[in-house]
Structures are given as C-alpha cells and as structure tokens.
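Note sheet for the following structure.
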Amino acid sequence: MNVTELIRYIEPTQNNGMKFVRRNMEGSVFMLNLLRFRDIADYTSHPELTPNEPISGAEAFDRYIKHALPFYMKVRGRSFLWAMTSDCGH
C-alpha cells in the first residue's frame with residue numbers, strides 16, 4: 001500500500017489484536033464504531049452463519065452483540081453509548 005491510499009478500517013485479526021496488545025499502552029482504550037448497515041445482511045464470507053431467512057444488517061449486528069457482549073464484560077469491557085440515527089442520505 002502506498003502513502004496515498006486511505007485505510008478505512010482495521011482488520012480485526014488475531015495477529016492485529018496481538019500487535020495492539022503488545023504496544024503496552026497505559027490507560028483505557030476507547031473504541032468508536034460508526035456503522036452503516038445493509039438492508040439485507042451479507043454472509044458471503046461466512047456462509048455457515050447464514051440464517052434460514054434473510055435478516056437486515058442491523059439485526060445481524062444485534063445478534064453479534066448479544067453473542068459477543070458477555071466476552072467483553074469478562075475482560076471488564078463496557079459500553080458507554082448506543083445510538084441510532086436517521087439515514088444521512090448516503
């Protein structure tokens with residue numbers, strides 16, 4: 001990748017997670033996710049997770065959060081704010 005390319009996200013792989021932790025930063029870590037959902041969730045990269053009936057991207061994210069939140073809580077993770085906004089026209 002050259003300098004002019006824009007990185008729009010960090011791929012949450014195990015390797016990238018280890019690199020992040022090994023930075024030995026002090027203090028709290030805050031994460032901000034600005035999400036836009038598909039009308040119909042796309043499971044092409046993980047077809048084994050495809051539900052029997054199509055669901056929205058928002059519903060798929062809700063299912064993910066319900067599964068993942070107990071793991072975050074185990075490591076003292078906290079959620080400060082959940083908010084939905086109207087479509088910004090994009």
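Values reported hereafter were calculated over all heavy atoms of this structure, with side chains retained and with hydrogens, waters and symmetry mates removed.
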Connected hydrophobic set around [X], excluding itself, where side chains approach under 4.5 Å:
{"X": "L34", "value": "L32"}
{"X": "I40", "value": "none"}
{"X": "Y43", "value": "L49, I55"}

For atom CD of E53, is the number of surrounding heavy atoms from other residues, nucleotides or ligands below 6.0 Å larger than 12?
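No, the 6.0 Å shell around CD holds no more than 12 heavy atoms from other groups.
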Does F37 have more than 12 heavy atoms from other residues, nucleotides or ligands lying within 6.0 Å of its CZ?
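More than 12 heavy atoms, drawn from other residues, nucleotides or ligands, come within 6.0 Å of this atom.
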Please name all residues satisfying side-chain hydrogen bond (donor to acceptor under 3.5 Å, both in side chains) with T13, sequence neighbours left out, ordered by chain then number.
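T13 satisfies side-chain hydrogen bond (donor to acceptor under 3.5 Å, both in side chains) with N16 once adjacent residues are dropped.
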T44: partners by side-chain hydrogen bond (donor to acceptor under 3.5 Å, both in side chains), with sequence neighbours left out
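Checked T44 against side-chain hydrogen bond (donor to acceptor under 3.5 Å, both in side chains); matches are D42.
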Within residues 57-67 or reaching into it, pairs that qualify as salt bridge (Lys or Arg N to Asp or Glu O under 4.0 Å) - sequence neighbours excluded
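Salt bridge (Lys or Arg N to Asp or Glu O under 4.0 Å) check on residues 57-67 returns E59-R63, D62-K66.
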Is there any salt bridge (Lys or Arg N to Asp or Glu O under 4.0 Å) pair reaching into residues 13-35, and which pairs are they, with sequence neighbours excluded?
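Of all non-adjacent pairs touching residues 13-35, none passes salt bridge (Lys or Arg N to Asp or Glu O under 4.0 Å).
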Taking only residues two or more places apart in sequence or in another chain, which ones pass side chain to side chain contact (heavy atoms under 4.5 Å, CB included) with N24?
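Residues passing side chain to side chain contact (heavy atoms under 4.5 Å, CB included) with N24: none at all.
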Could you check if a side-chain atom of N15 sits within less than 4.5 angstrom of a side-chain atom of M18, using non-hydrogen atoms only?
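Yes, their side chains come closer than 4.5 Å.
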Qualifying residues under ring-ring contact (aromatic ring centres under 6.0 Å, His included), relative to Y72, sequence neighbours excluded:
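In terms of ring-ring contact (aromatic ring centres under 6.0 Å, His included), with neighbours along the sequence ignored, Y72 is linked to no residue.
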Could you work out, with ring-ring contact (aromatic ring centres under 6.0 Å, His included) as the rule, every residue matching H67, not counting sequence neighbours?
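Expected list: F71.
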